[in-house]
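Step one of this worksheet: look at the structure below.
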Amino acid sequence: MSWEVVIGLEVHAQLATRSKIFSGAATAYGAAPNTQACSVDLGLPGVLPVLNQEAVRMAAKFGLAIGASVSPRSVFARKNYFYPDLPKGYQISQYELPVVSEGTLLIELEDGTEKVIGVTRAHLEEDAGKSLHEDFQGYTGIDLNRAGTPLLEIVSEPDMRSAKEAIAYMKKLHSLVQYLEICDGNMQEGSFRCDANVSVRRVGAAEYGTRAEIKNLNSFRFVERAINFEVERQIELIESGGKVVQETRLYDAEKNETRSMRTKEEANDYRYFPDPDLLPLVVEADFLQQVKAELPELPDDKRQRFMTQYGLSKYDASVLTASRELADYFEEVVQSSECEAKLCANWVMGDLAALLNKNDLEITESPVTAAHLAKMIRRIADNTISGKIAKDVFEAMWAGEHDGDADGIIEAKGLKQVTDTGAIEKLVDEVIAANPGQVEAYRGGKDKLFGFFVGQVMKVSKGKANPAQVNDLLKKKLDA
Ligand code: ADP
Ligand code: MG
């Protein structure tokens with residue numbers, strides 16, 4: 001009997017505002033505990049929340065970017081529950097009327113197929129504080145710096161059918177919120193995290209199965225592993241005669257398993273009601289128009305443009321537009337080198353990406369600037385160096401030699417390509433004279449030996465002979 005997996009994600013993106021959603025306290029990460037929580041965040045008697053317009057602007061930006069409707073009128077509600085890191089006893093969120101509803105996100109899978117995932121809603125809410133269990137023996141510390149930090153909770157339709165699809169969706173969202181500059185995307189610091197709702201059903205079944213919600217996953221790898229574990233658990237449970245119960249589960253990365261935290265609370269357990277301290281949120285047409293005008297080029301549009309403007313394949317265009325910074329870097333290389341885009345793409349996606357990866361660096365931290373890489377690529381295009389020698393030049397640039405200047409490195413190391421026909425002819429003659437046996441075999445029909453001769457000439461030239469000329473001359477002489 002085969003099973004179908006059904007997944008819906010609730011992603012929490014921390015909005016990159018400087019102050020909190022309902023107070024003027026700072027949102028900066030990493031401050032000493034409880035130094036960034038004001039009377040509003042603490043919920044002291046008599047204080048009133050005031051909505052941060054910047055948070056609304058960011059939510060609207062997101063809504064427009066996913067083709068959703070941005071509600072002209074939405075409502076903040078109190079979600080009541082007790083937890084030590086929630087001093088007010090309720091979280092201000094949106095319930096029945098969210099600010100953003102009914103959008104879509106296009107995801108691309110590894111095999112190149114695309115799929116549209118529905119985004120049910122995105123609503124504004126405040127974050128809670130943090131409980132610190134490690135620092136105090138026998139006690140729990142409470143840090144309220146995070147209380148009141150603006151979050152955009154983005155709820156998907158149960159449209160994903162595998163952990164891979166869930167990851168593709170999450171990555172796409174992650175890229176989008178950073179393009180929009182509404183979230184820094186820092187997953188280690190918790191700025192972008194997700195709850196995964198997972199259920200299974202028999203293939204062909206009309207109804208969805210009962211779901212479990214796995215809370216607070218803060219890395220793509222954990223999301224994938226947690227979902228896969230959960231799917232296995234549910235299938236085994238049902239196949240052995242059991243029933244999945246709707247509950248909240250926790251993923252334990254060390255043991256790679258999910259464990260039950262609590263049975264799922266129903267919405268009515270939270271006793272949601274409109275927050276009497278806040279007026280309904282009204283988003284006026286003018287405001288929305290202004291937000292729309294400020295939208296940057298979106299990832300899908302950029303990818304399409306890279307394909308048409310630069311003649312890149314869909315794959316290359318996807319890789320290069322995965323982040324706005326990478327896309328900008330690539331475009332700067334193309335523009336300042338004035339070389340073929342594909343050649344530039346190969347260097348950015350190849351040698352540069354490999355070294356960034358190896359050193360765990362972001363493109364913005366690259367020791368080789370786009371201008372420097374462009375200069376080096378120009379030297380390949382104008383035949384000063386071969387593509388092979390360029391790898392050595394690139395490594396020297398990475399190491400900061402000659403301040404990353406390709407010409408300086410080529411000059412100092414004597415890496416200039418030999419294009420003088422007479423000089424190359426001399427090397428070709430030497431190689432032919434030194435290998436009479438191979439010459440005879442080649443002339444006797446062993447065509448494959450041609451590569452051997454090319455290799456030999458390149459070797460005696462220390463990689464500096466122009467490969468095209470070496471090929472031509474060898475052909476001429478050997479076939480003579
Ligand atoms: P709640 O508010 O209780 O978390 P929602 O109905 O808003 O519940 O759904 C939360 C998430 O769970 C959504 O992302 C939705 O797509 C997903 N979901 C709903 N039903 C299922 C199901 N049977 N299997 C997997 N995911 C589901
Ligand atoms: Mg939920």
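Both ligands and their constituent atoms are indexed starting at 1 by order of listing. Atoms considered below: every heavy atom in the structure, side chains included; atoms not considered: hydrogens, waters and symmetry mates. Start at 1 with the first residue, then count along the sequence.
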What atoms in ligand 1 come closer than 4.0 Å to a heavy atom of [X]?
X    : answer
E157 : 16 (O)
Y208 : 23 (N)
V155 : 13 (C), 14 (O)
V6   : 24 (N), 25 (C)

[X] and [Y] ion-paired at < 4.0 Å:
X    : Y    : result
R18  : E54  : no
D277 : R78  : yes
K88  : D275 : no

Pick whichever of [options] has a heavy atom sitting closest to [atom].
atom                    : options               : result
atom 12 (O) of ligand 1 : I154, D159, N197, V11 : N197
atom 18 (N) of ligand 1 : R201, M160, R211      : R211
atom 24 (N) of ligand 1 : S199, G8, G209        : S199

Review point. Between Y270 and Y95, does the ring centre distance come in under 6.0 Å?
Key: no
Practice item. Specify side chain, backbone, both or neither for E10, according to which of its non-hydrogen atoms lie closer than 4.0 Å to ligand 1. Key: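 It is the side chain that touches ligand 1; the backbone stays farther off.
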Review point. Can you tell which part of T120 has a heavy atom less than 4.0 Å from ligand 1: side chain, backbone, both or neither?
Key: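 Neither; nothing of T120 gets under 4.0 Å from ligand 1.
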Practice item. Please test R193 against M187 for side-chain contact (heavy atoms from CB on, under 4.5 Å), starting from the C-alpha separation and ending with a verdict. Key: CA-CA 7 Å; R193 53 194 198 259; M187 295 173 80; over 6 Å; no
Sequence neighbours excluded and cut-off under 3.5 Å, please list the side-chain donor-acceptor pairs for residues 217-226, or say none.
residue : atom : partner : partner atom : Å
S219    : OG   : R221    : N            : 3.4
S219    : OG   : F222    : N            : 3.0
E224    : OE2  : K164    : NZ           : 2.9

Point to revise | E165: which of D159, I107, I7, V5 passes side chain to side chain contact (heavy atoms under 4.5 Å, CB included) | key: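 That would be I107; it is the only one of D159, I107, I7, V5 passing the side chain to side chain contact (heavy atoms under 4.5 Å, CB included) with E165.
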Review point. Within the structure, does I7 bring an N/O atom to less than 3.5 angstrom of an N/O atom in ligand 1?
Key: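 Between I7 and ligand 1 (N or O atoms, distance only) the closest approach is not under 3.5 Å.
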